[in-house]
2 protein chains.
Amino acid sequence: MTKPDKRKKPKTGTASKRSRLLPDEREKQIVLEAIRFFAEVGFDGQTRELARRLGITQPLLYRYFPTKQDLVDRVYKEIYLTRWNPEWQDWIEDRRQPVAARLKRFYAEYYPAIVNHDWMRIFFQAGMRNVGFNQRYLKLVRERILLVLCAEVRRELGLPSVAARPVSPAELELYWGLHGSIVYDGIRQYIYGTAVPPDPVAVTNAKIDIFMAGIKAAVTNLLK
Amino acid sequence: MTKPDKRKKPKTGTASKRSRLLPDEREKQIVLEAIRFFAEVGFDGQTRELARRLGITQPLLYRYFPTKQDLVDRVYKEIYLTRWNPEWQDWIEDRRQPVAARLKRFYAEYYPAIVNHDWMRIFFQAGMRNVGFNQRYLKLVRERILLVLCAEVRRELGLPSVAARPVSPAELELYWGLHGSIVYDGIRQYIYGTAVPPDPVAVTNAKIDIFMAGIKAAVTNLLK
DNA sequence: ATTCTTGTTTATCAAATGATAAATAGTGTT
DNA sequence: AACACTATTTATCATTTGATAAACAAGAAT
């Protein structure tokens with residue numbers, strides 16, 4: 001194959017300067033690039049390619065993360081911790097405004113938090129593996145948002161309270177339907193690679209209005 | 001590591017019998033197992049592991065598929081060709097029954113066609129790569145189902161025809177919302193690994209009813 | 001029974017890839 | 001200016017993994 005001397009390259013070219021960052025800075029830099037990198041190519045992406053994008057050598061990664069898996073775990077953690085606002089639950093429960101308005105407020109902030117390249121793709125990369133990352137996150141959505149929403153909708157529409165008539169799996173499923181109708185945008189964009197919707201906020205609000213128009217009859221039917 | 005002689009294993013054990021199938025049979029067998037295998041572990045799954053599951057040796061795969069990529073492409077093709085019923089478009093256009101009933105009929109058949117382990121996971125594995133597989137499939141959904149549906153809904157509700165007032169991206173987006181609210185079930189089940197809904201047909205029908213309850217106002221608003 | 005065809009296995013390669021040890025060099029301290 | 005510390009690179013390993021060539025053997029043809 002005629003590769004006489006691969007070693008001993010004079011390195012008189014560009015990347016000759018060592019940068020020598022503080023460990024905390026370097027680590028953060030690695031994590032941020034790793035998120036982008038793994039989001040793009042998947043967790044099977046090579047450490048050498050990641051290092052190249054960082055402008056460092058591959059063994060340096062192992063100074064900061066003992067194994068590749070440690071780096072992957074760190075990426076999960078970073079994504080998970082950064083993008084959930086605990087106040088969201090309060091917004092859903094804020095009875096000073098109608099449920100539709102609360103939902104619009106919530107999704108106006110939730111949508112950009114998760115409908116973006118890195119979050120969507122890391123989340124689905126996780127799903128293709130067997131880690132419990134997705135389950136943990138969806139548990140948040142279910143318990144902090146959707147179940148709370150069930151109760152608020154029942155109340156606003158004058159239906160039996162969830163204390164009197166517990167939320168059935170089928171009823172909850174309708175709320176997952178609302179959620180899915182909205183986040184499916186992100187899946188189409190960043191997983192399937194289709195064109196983006198023109199005005200996400202307006203479209204999302206319209207979906208919320210459609211949902212609210214039909215939810216009373218649907219829940220009433222389930223409570224019969 | 002003390003692995004003195006890895007070769008020359010007597011093979012007096014179980015898998016000693018050569019099966020020798022007809023080429024067509026073997027190829028079909030490989031493709032079917034490859035679908036399950038790649039759906040489960042992703043397209044980075046190893047050919048050796050796939051061969052092991054098939055009970056054949058790894059080089060035999062290369063007798064039937066010159067490269068791994070050829071096998072992967074075949075898996076795409078198989079999944080793509082098998083699971084689309086051309087009659088579906090006719091169902092949506094079948095004016096002998098109301099649109100809601102047509103939708104329920106369609107999704108009763110569409111749902112099980114795609115909400116299953118193999119289809120969902122292959123489809124998302126494809127999405128994590130850069131192949132045009134997903135775009136091609138979504139194009140089918142958009143043109144053969146959703147755009148047709150737009151026109152039928154307009155007609156049934158006495159709104160301006162799509163000829164008079166073309167479907168805007170925002171309007172189409174609402175129909176993607178319906179679609180997403182239904183198939184999101186499959187994503188939660190097979191990508192995120194959460195529990196299955198109790199009665200998919202009933203839940204899907206309820207989602208359709210909710211959608212139909214709100215779509216008129218939403219479209220009217222967009223046409224203003 | 002012998003021969004022939006070809007489906008299948010055995011043995012093996014080359015490149016890719018996660019990981020490690022030792023050498024190098026940037027930065028602050030004395 | 002000499003030294004110490006350590007962030008970074010160089011060199012290298014071991015395993016994994018897609019792929020190939022040659023040997024083997026099941027079943028049909030003679």
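The analysis underlying the following values was restricted to heavy atoms, covering all of them including side chains, and did not include hydrogens, waters or symmetry mates. So that the names make sense, note that chain A is the first sequence line, chain B the second, and so on, each numbered from 1.
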(message) Would A/Arg102 pass as a cation-pi partner of A/Trp91, given that its NZ or CZ must be under 6.0 Å from the six-membered ring centre and within 45 degrees of the axis?
(response) no
(request) Whole angstrom is fine here: how far is it from CD in B/Gln58 over to C1' in D/dT16? (result) 11 Å
(message) Expressed as a whole number of angstroms, how long is the span from A/Arg48:CZ to D/dC13:C1'?
(response) 11 Å
(message) Run the ring pair (Phe, Tyr, Trp, His ring centres under 6.0 Å) test against A/Tyr62 and tell me which residues pass, sequence neighbours left out.
(response) none
(request) Classify the angle between the aromatic ring planes of B/Tyr175 and B/Phe211 as parallel (below 30°), tilted (30 to 60°) or perpendicular (above 60°). (result) perpendicular
(request) Evaluate the ring planes of A/Tyr107 and A/Tyr110, with Trp represented by its six-membered ring, and classify them as parallel (under 30°), tilted (30 to 60°) or perpendicular (over 60°). (result) perpendicular
(request) Describe the nucleic acid contact of A/Leu21 in one word from base, sugar-phosphate, nothing, applying a heavy-atom distance below 4.0 Å. (result) sugar-phosphate
(request) Test for a donor-acceptor pair under 3.5 Å between the base of D/dT6 and the side chain of A/Arg20, counting only N and O atoms. (result) yes
(request) Please list residues of residues 60-76 of chain A whose heavy atoms come under 4.0 Å from any atom in DNA chain D, ordered by number; otherwise none. (result) A/Leu60, A/Arg63, A/Tyr64
(message) Side chain of B/Gln46 only, heavy atoms from C-beta on: which candidate in C/dA21, C/dG7, D/dT16 is closest?
(response) D/dT16
(message) Quick check against the 3.5 Å criterion: does B/Arg121 have a side-chain atom that pairs as donor or acceptor with the backbone of B/Tyr190?
(response) yes
(request) Determine whether any donor atom in the side chain of B/Arg26 lies under 3.5 Å from an acceptor atom in the base of C/dG7, or the reverse, and answer yes or no. (result) no
Identify every side-chain donor-acceptor pair in residues 31-47 of chain B under 3.5 Å, counting partners at least two apart or on other chains, and give the distances.
unit_1, atom_1, unit_2, atom_2, d
B/Glu33, OE1, B/Arg36, NH2, 3.3
B/Glu40, OE1, B/Arg53, NH1, 3.2
B/Asp44, OD1, B/Arg129, NH2, 3.2
B/Thr47, OG1, B/Gln58, NE2, 3.1

(request) Whole angstrom is fine here: how far is it from CD in B/Glu49 over to P in D/dT17? (result) 10 Å
